[in-house]
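Protein chains get the first letters and strands the later ones, always in sequence-line order, with residue 1 at the start of each. Below, each value reflects all heavy atoms present in this structure, side chains not excepted, and no hydrogens, waters or symmetry copies. Just so it is clear, the model here is predicted, and its values are computed rather than measured.
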There are 2 protein chains.
Amino acid sequence: MDRFLSNAVNRIDAKGRVSVPAHFRAVVQKRGYSELYALRCLDRPAMDVGGLDLLDRYEQRIAQEDPFLQTADDMSFFCHGDGTFLKLDQDGRITMSDFIREHTGISAEVAFVGRGNFFQIWEPGRLATYGAEARARLLQLRQGTKPGERPE
Amino acid sequence: MDRFLSNAVNRIDAKGRVSVPAHFRAVVQKRGYSELYALRCLDRPAMDVGGLDLLDRYEQRIAQEDPFLQTADDMSFFCHGDGTFLKLDQDGRITMSDFIREHTGISAEVAFVGRGNFFQIWEPGRLATYGAEARARLLQLRQGTKPGERPE
DNA sequence: TGGGGCATTATGGGCGTCAACGGGAACAGG
DNA sequence: CCTGTTCCCGTTGACGCCCATAATGCCCCA
């Protein structure tokens, strides 16, 4: 399997390190990522983590904009400046910098969530909250289909 | 890696020097920049820093303007006259001149922000403010997509 | 089918290296 | 002579490399 799937919660040690789940490490290796890049999610207290190809999509998008307008600058700021490298040590661990803790609220434990071509890291409590909200929204959608009728 | 990515905050010492992050120095060397050029950003309290190819971008833009109008003259002044050279000393540090401090508000610490082909220097507090604004603007964009559609 | 042993993972900690930083001294220019 | 700059050194703290250990899962074989 070459996609990031499933999820796991691991503990941060005294040095601020946390093990990336073995399954994710295998995917990283299979995809040939030499280093990981973590991006602050726009509207969530989470980081998107993946290879540098994570940036390709954003850069293609930026190329469509007038480089002297605000939008292009904001996009570049977001994808080039609002991210950080995550180096896997040889035991497969990454260190949680203040930059990441600030945005995610992570302190003692990290939740890893597969998202296909990348994965996310969350503070476990906030992930649970967000998951509940996401499910609630999906229920809303379902109820938005014809009332009393089964949506499938 | 040959692009300026990620960010860092470093302290200014008593002599007005500050270390350029090691990762950025590596990019500078890889790109073969013999000296760095810093440009005052137009509408932000930041400096754009990069090789002399940084000017190419602006010069192309100026070429599109009518040379008899004020705009072209203003742009030329901005990109040719409103910049300064930054010399890396042999420990990889640069000196923060009054010219830079005045425009950026930098006093005790410097935030370095990767922007792909160049990087920026900011006063950390102002960077945080600007970052929040940029993120808010990008979210506006996202909300402009069709309702119910997945924005990513 | 159950048990023992091997492999792998998560986690903790010692230690060396290097980047960031502070400061002395040589040096140049006005 | 004084000021600011450049070179060079030492210190410190963070991070990467290495090893150890405990827990878990897996496989093979009796």
ask   = Quick one: does NZ or CZ of A/R137 land under 6.0 Å from the six-membered ring centre of A/Y130, within 45 degrees of the ring axis?
value = yes
task = Validate the cation-pi geometry between A/R25 and A/F119: distance from NZ or CZ to the six-membered ring centre under 6.0 Å, angle to the ring axis within 45°.
result = no
query = Between A/S19 and B/A22, which is nearer to the 5' end of DNA chain C once each is assigned its nearest nucleotide?
reply = A/S19
remark   = Of A/P21 and B/V9, the one whose nearest nucleotide on DNA chain C sits closer to the 5' end is A/P21
ask   = How does protein contact run along nucleotides 8-26 of chain D, one letter per nucleotide 5' to 3', with B for base contact, S for sugar-phosphate only, - for none, heavy atoms under 4.0 Å?
value = BB------BBBB-------
How many Å lie between [atom1] on [X] and [atom2] on [N], as a whole number?
X	N	atom1	atom2	answer
A/F24	C/dT9	CZ	C1'	15 Å
A/F112	C/dT11	CZ	C1'	13 Å
B/N10	C/dC18	CG	P	19 Å
B/D98	D/dT3	CG	C1'	14 Å
B/I94	D/dT5	CD1	P	14 Å
B/D13	C/dG24	CG	C1'	13 Å
B/E109	C/dC21	CD	C1'	13 Å

key: Flag, side chain of B/H103 to backbone of B/R44, donor-acceptor distance under 3.5 Å   = yes
Under 3.5 Å: donor-acceptor pair, side chain of A/R101, backbone of A/M96 = yes
task = Kindly say if A/R25 contacts the phosphate of C/dA10, meaning a side-chain N or O under 4.0 Å from OP1 or OP2.
result = yes
query = Hey, quick one: are A/V9 and A/V20 part of the same hydrophobic cluster, counting side-chain heavy atoms closer than 4.5 Å, chains of contacts allowed?
reply = no
task = Assign A/V20 to base, sugar-phosphate, or nothing according to its heavy-atom contacts below 4.0 angstrom with the strands shown.
result = sugar-phosphate
key: Criterion side-chain contact (heavy atoms from CB on, under 4.5 Å) against B/Y37, the qualifying member of B/L55, B/T84, B/L86, B/D53   = B/L55
query = Which ring pair (Phe, Tyr, Trp, His ring centres under 6.0 Å) pairs, counting each pair once, include a residue from residues 44-65 of chain A, with sequence neighbours left out?
reply = A/Y58-A/F78
